[in-house]
Amino acid sequence: MVSEPEFQQAYYEIVSSVKDSTLFEKFPQYEKVLPVVSVPERIIQFRVTWENDKGEQEVAQGYRVQFNSAKGPYKGGLRFHPSVNLSILKFLGFEQIFKNALTGLDMGGGKGGLCVDLKGKSDNEIRRICYAFMRELSKHIGKDTDVPAGDIGVGGREIGYLFGAYRSYKNSWEGVLTGKGLNWGGSLIRPEATGYGLVYYTQAMIDYATNGKESFEGKRVTISGSGNVAQYAALKVIELGGVVVSLSDSQGCIVSETGITLEQINDIAAAKIHFKSLKEIVGEYATFGENKVKYIAGARPWTHVSDVDIALPCATQNEVSGDEAKSLVASGVKFVAEGANMGSTPEAISVFETARSTAATAGDAVWFGPPKAANLGGVAVSGLEMAQNSQKVTWTSERVDQELKKIMINCFNDCIQAAQEYATEKNTKILPSLVKGANIASFVMVADAMLDQGDVF
Ligand code: GLU
């Protein structure tokens, strides 16, 4: 019986990458790390209760998975969503360990959340939920122990309430959360960082595959999701001359042949804070009257787009099936990079990886950028926020953006290098597997820290 399907999926992805390489042959000591790294150092599970606007009590399960602290304080977001359970948080915390290692900054891995649906909740209710959640969580975190941030359902507003709660319960103003407001300890470019970083990573893929001949200019890009990651990825794609042909939410997707506009994305961003669906937004906002998009209820965009060059899944886990991956390949996609954690199912990854490893030339291949590399921009700038907080300084947006670009490119190069060194496939020279590269490079970084510190012996 598979009792934690999402966690086991994330675990087997790493295991199959490292086992299907020469790593353990060359360095047998790494094999002992696998069973140890797969067990969280600590899991905190707690009751959260609050009063709704009708004066009734509500209750939900809260969690923090403190997965691995060999490389730094536990670091990772909080997800407030009705799907939250231990399997999902263990998968996210596990991914986070390796993703954070690839940033090159000193951060361990963790993840937490609350099983709650914030849709339709008033601002007052959201504040009470955040304060109630932090009442318990504050006992287990700290700027050198565990530094949470946002994830699905937790944005700037929620981080504000969570930070205010921590400050009042602990009588301490410290960099205990990232994604803070700009006028109270936040970093410039943190809201943009995951989406921008995803586009910078994809740009590095395009550069490598085309020998610097191509860029986002003129490329047709299908994006899923319409939250923070999707919004900023779409804005950056437009800035770089690409055409964004789709976005989506949990109820449906919008498709535009001529390209979703900047103004439409700004309207979506404003409306999503109030939990409006894309269906409502398309019906209500004037920008969608002038520049029409097609709304498709109950669908993801992958089978509804044609002639696409790039796909950026930015919604949630397992949102690209094997058949949808085949449909994307058939519609011409050459680059896929994940803004969402584990956006592609194992079947979809296998479709993309086969389309790469069996291609005769880089031009014929499909290249897949896995999430632990492609979407690490968010947590990387969280790391930069922690650095600024500890020095009590604020960097300019240009500086943060430059650092973010550097981190994304270093990570891309680390993935290439590890794949070339350890992957066994014949055509690694054409386009190396970034899945294997990211998994092996990050595993080695984490394993070395655990071996050095006696976590594994
Ligand atoms: N939730 C984001 C992620 O999946 C960011 C975490 C953070 O900034 O700590 O990487």
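This structure is a prediction, so every number in the text was calculated from the model and none was measured. Whatever order the structure lists ligands and atoms in, that order sets their numbers, starting from 1. For this chain, numbers begin at 1 and follow the sequence in order.
- No option in F46, W50, Y161 other than F46 meets the ring pair (Phe, Tyr, Trp, His ring centres under 6.0 Å) test with F133.
- Counting heavy atoms under 4.0 Å from ligand 1, residue V147 does not touch it at all.
- In this structure, G179 has no heavy atom closer than 4.0 Å to ligand 1.
- Of the candidates S382, G150, G76, A149, it is G150 that places a heavy atom closest to atom 2 (C) of ligand 1.
- F67 and Y74 have their aromatic ring centers separated by at least 6.0 angstrom.
- A heavy-atom separation below 4.0 Å is not found between R79 and ligand 1.
- Taking all atoms of both residues into account, the shortest heavy-atom contact from H304 to V255 is O-CG1, 3.9 Å.
- By heavy-atom distance, the residue among E95, K75, R190 lying nearest atom 5 (C) of ligand 1 is R190.
- By the neighbour-count criterion of 12 heavy atoms within 6.0 Å, atom CZ of F275 is densely surrounded, having more than that number from other residues, nucleotides or ligands.
- Protein heavy atom in closest approach to atom 6 (C) of ligand 1: G77 N, 3.6 Å.
- Checked against the 6.0 Å centroid threshold, W367 and F352 do not count as a close aromatic pair.
- Ring pair F335/F368: centre-to-centre distance not below 6.0 Å.
- Near K99, meaning under 4.0 Å from one of its heavy atoms, ligand 1 places the atoms 3 (C), 4 (O), 10 (O).
- Only side-chain heavy atoms of K111 come within less than 4.0 Å of ligand 1; its backbone N, CA, C and O stay farther off.
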